[in-house]
Amino acid sequence: MAQFRLQGSKVLAVELTGDAVKAKNGSMVAYDGRMTFKKLTGGGEGLRGMVTRRLTGEQMTVMEVKGQGTCYFADRASDINLVSLHGDKLHVESSNLLCTDAGLRTGTTFTGLRGGASGNGLFTTTVEGTGQAAIMSDGEAVLLRVTSQYPLYVDPGAYIAHQGKLQQKLQSGVNFRTFLGEGSGESFQIRFEGEGLVYVQPSERNTIGGDL
Amino acid sequence: MPFREINAKMVEATVAPGQTMYSQRGAMLAYRGEVSFTPNIQGGQGGVMSMIGRRVANEATPLMTVEGNGTVMFGHGGHHIQVINLAGDTLYVEADRLLAFDGTLQQGTMFMGSQGGVMGMVRGQVTGQGLFTTTLKGHGAVAVMAHGGVIELPITPGADIRVDPQAYVAHHGDVRNRLSAAVGWREMVGRGSGEAFQLELSGTGAVYVQASEDKL
């Protein structure tokens, strides 16, 4: 299995011994050894994946990197976080996904209203199986644990990924003040309940909710 | 209530019933517990008069009141955050750099022209920070945003500090500031060093300087 390691906080180094990883198109910054790069259409999920990704707008252009040696990945100086999956599922915005082990299955899932508020469309990408994945954040992300006693509320613009058995619900605090242009800027939150982990970045994407 | 620094760009605050804190609108990243965020039309405390004062002074960054029982994480735009603890002294900071602060602190605005006369006004213009600045006074914690990391430089009598006006973030204590200019004929012919203006701080306290000459 490919070995993922962080070189600083913004560069991902992957040791390959004849195996493969899937990475965001164009994210390779350097490599040593022997590597081949092949563009995968539709996130490498075959025809079905290609069609659903087109339909859902959760587009992801990925490449398959195969070879012997070390390959370095980075994207626009984003911070990188390593995620280890042991048979569980990671939900992540496709724009935040940098690299996954080729053994992990990727797919799309409907997020409901939450996606609309987070500025990322109604669908999100899932990564499932056993292996490592690397996700990106604007600034160093923190990993927050959710337990059944302690639900967590996250700003949709600061949310990047979550894993575990979590239910998510969009809650809104829109009231008459919002429409008078005197909103607190915190009109929408995603409520996470259950058992799992949520990745939060120290910066907010532009969302519809952020202006309300 | 104190802020707990999670990393360079995020802080966590504990909110308890009966305690109020203020934060810049939209700066909440995540929270646990029962916490409410209400827009603060007055832009802080002090009632309508101080609101008008802040509007006129153009120091009216939209704030929200944070109340309840839980923990809240703040961060904004990926900026670095510096936590400053005040023990009865006054902090001078631009309103748009305030991320969050204790509700017990007294908020006000100060006319920079009152320190250093005409040069004080020039200072405001040169630093691009206007003629007014926000003051916070009392006992409590303030989280301030900066571009790049922040260093704290102590100011003691006899040891003045000179700071690039663009890198200046905030200062506290019993400090006088004045702008010194070294504009010579070289600046006029476009051969200046680029360091024609400096902010001189003297007295007792500390100044916070960011590792960048960019505004937020």
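Labels below follow one simple rule: chain letters A, B, ... track the order of the sequence lines, proteins then strands, and each chain is numbered from 1. Because only heavy atoms are used, hydrogens play no part in the values below, and waters and symmetry mates are left out as well, while side chains stay in. Keep in mind the model is a prediction, meaning the values are calculated, not measured.
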Interface residue of largest heavy-atom contact number with chain A, from Ala30(B), Ala8(B), Ser23(B), under 4.5 Å: Ala30(B)
With rounding to the nearest 0.5 angstrom, report the CZ to CZ distance, Arg32(B) to Arg145(A). 9.5 Å
Rounded to the nearest 0.5 Å, how far does CE of Met28(B) lie from CG of Asp155(A)? 5.0 Å
Give me the atom names and distance for the closest heavy-atom approach of Tyr31(B) to Gln189(A). OH-OE1, 3.1 Å
Does CD belonging to Glu34(B) count more than 12 external heavy atoms closer than 6.0 Å? no
Considering non-hydrogen atoms only, spot the tightest contact between Ala158(A) and Leu29(B) and give its length. CB-CD2, 3.5 Å
Could you tell me the separation between the CE atom of Met73(B) and the CG atom of Leu152(A), rounded to the nearest 0.5 Å? 8.0 Å
For the residue pair Gly78(B) and Ser203(A), what are the closest heavy atoms and their distance? N-CB, 3.5 Å
For Lys10(A), does the NZ atom have more than 12 heavy-atom neighbours from other residues, nucleotides or ligands under 6.0 Å away? yes
For chain B, which candidate among Val200(A), Leu144(A), Val146(A) shows the most heavy-atom pairs at distances under 4.5 Å? Leu144(A)
Looking only at non-hydrogen atoms, find the nearest pair between Pro202(A) and Met10(B) and report the distance. N-CE, 3.4 Å
Here the gap from Glu204(A) atom CD to His76(B) atom NE2, rounded to the nearest 0.5 Å, amounts to 6.0 Å
